[in-house]
Amino acid sequence: MSRTRRPGPQPGAAMTSSPWILVAAGVVVMLVLLVVALGSVRGRSTFPAAGPPDPPMSLPGMPLTPTAAGATGPSPVSATAAVVPGLSPRSTVVPARPTPAAPTPSPRGVARPVLPPTPPAPPAPPSAVTGRYSVPSVFDGGFIGEVLLVNTARTPQGWTVRAVFPGGRLVTAWVEGAEQGVFRFDDGVFTYRSGFDLAPGQSLPVRFHIERAGTRPLSCTVDRSPCTER
């Protein structure tokens, strides 16, 4: 009796029937590669050498405040207060001092020569021709006034009579026994200028008729020298 021979397993048939074997093998290979890669990375210096470390930052001292148990400890810092390194948490901003205004130099006084006070004008010398006022006649509404002239000099002299009668009115004027001069009456001021020169020692009267005024003039002069009254 002959035996029937069973066929044996074909190469690769086990792998084909069990695919998880391939997956497990792949995972093992990947683990091995990862371990090799990590070992090579540790042996290298992949980053440049770091520079000198930053200087330590000094923080301001924190004031100690008593705690509830009586011990002292750092006071809590407010979360909103920003601490600037190197500065005290207190205000260190000093208000700027006002810049003093530069002194304004006073202008130097300009030296001026001190002038002596102007002396008053010397009084006019007395006139060589004098006058004496009088009233020869008075009547209703007016009067006749007279200025008697006398030349006290040694030479012939001209002359000017001036008399003030406020509010008055001049009717006429004349010189007794001599050449007539020029007269006028403006705003109560009577003026008579000589038509000839008085000889030394000579005298003569100048007369005038005035209305609407008092017999006494406000002023009477001969060549700016006051008249006397008779």
- Quick one: closest heavy-atom pair of G188 and F185, and the distance? CA-CZ, 3.4 Å

- Ignoring hydrogens and geometry, is there a side-chain-to-backbone donor-acceptor pair from T172 to H209 under 3.5 Å? no

- Item | V135 side chain near I144 side chain, heavy-atom distance below 4.5 Å | no

- Checking S225 side chain against S127 main chain: does a donor-acceptor pair fall under 3.5 Å? yes

- Task: Looking only at non-hydrogen atoms, find the nearest pair between A153 and P200 and report the distance.
- Result: O-CB, 3.2 Å

- How about L218 and P166: do any of their side-chain heavy atoms sit closer than 4.5 Å? yes

- Message: As an exercise, state the distance from CD1 of I210 to CG of L170, rounded to the nearest 0.5 Å.
- Response: 4.5 Å

- For D186, does the CG atom have more than 12 heavy-atom neighbours from other residues, nucleotides or ligands under 6.0 Å away? yes

- Query: Is W159 close to V206 at the side-chain level, that is, under 4.5 Å between some pair of heavy atoms?
  - Reply: yes

- Drop me the distance from L204's CG to Q202's CD, to the nearest 0.5 angstrom. 5.5 Å

- Going by heavy atoms in the side chains, are T160 and V222 under 4.5 Å from each other? no

- Message: Closer than 3.5 angstrom, by distance alone: can the side chain of N151 be matched with the main-chain N or O of L198 as a donor-acceptor pair?
- Response: yes

- Counterpart residues, side chain to side chain donor-acceptor pair (under 3.5 Å), relative to T155 (two or more places apart): Q157

- Which value, rounded to the nearest 0.5 Å, describes the distance between R169 atom CZ and R212 atom CZ? 5.0 Å

- Message: So that I can tick it off, tell me whether E146 and R132 are bridged by a salt bridge, with the cut-off set at under 4.0 angstrom between side-chain N and carboxylate O.
- Response: no

- Message: Please check: side-chain N/O of E229 versus main-chain N/O of S134, any donor-acceptor pairing under 3.5 Å?
- Response: no

- Query: For F143, what residues pass the ring-ring contact (aromatic ring centres under 6.0 Å, His included) criterion, not counting sequence neighbours?
  - Reply: F165

- With the 4.5 Å side-chain cut-off for hydrophobic clustering, are V175 and F183 part of the same group? yes

- Query: When rounded to the nearest 0.5 angstrom, what is the spacing between OG1 in T215 and OH in Y133?
  - Reply: 6.0 Å

- Message: Salt bridge or not between R207 and E176? Use side-chain N to carboxylate O under 4.0 Å.
- Response: yes

- Do you know which of V147, T191, D223 makes side-chain contact (heavy atoms from CB on, under 4.5 Å) with R162? T191

- Message: Applying side-chain contact (heavy atoms from CB on, under 4.5 Å) to W174 and Q180, what does each step give before you reach the verdict?
- Response: CA-CA 6 Å; W174 67 97; Q180 302 301 305; 3.6 Å; yes

- Go through the steps to decide whether V150 and V129 satisfy the test side-chain contact (heavy atoms from CB on, under 4.5 Å), and finish with yes or no. CA-CA 5 Å; V150 178; V129 180; over 6 Å; no

- Backbone N/O of G181 and side chain of Y192: donor-acceptor pair under 3.5 Å: yes

- Task: Using ring-ring contact (aromatic ring centres under 6.0 Å, His included) as the criterion, list what pairs up with F190, not counting sequence neighbours.
- Result: F208

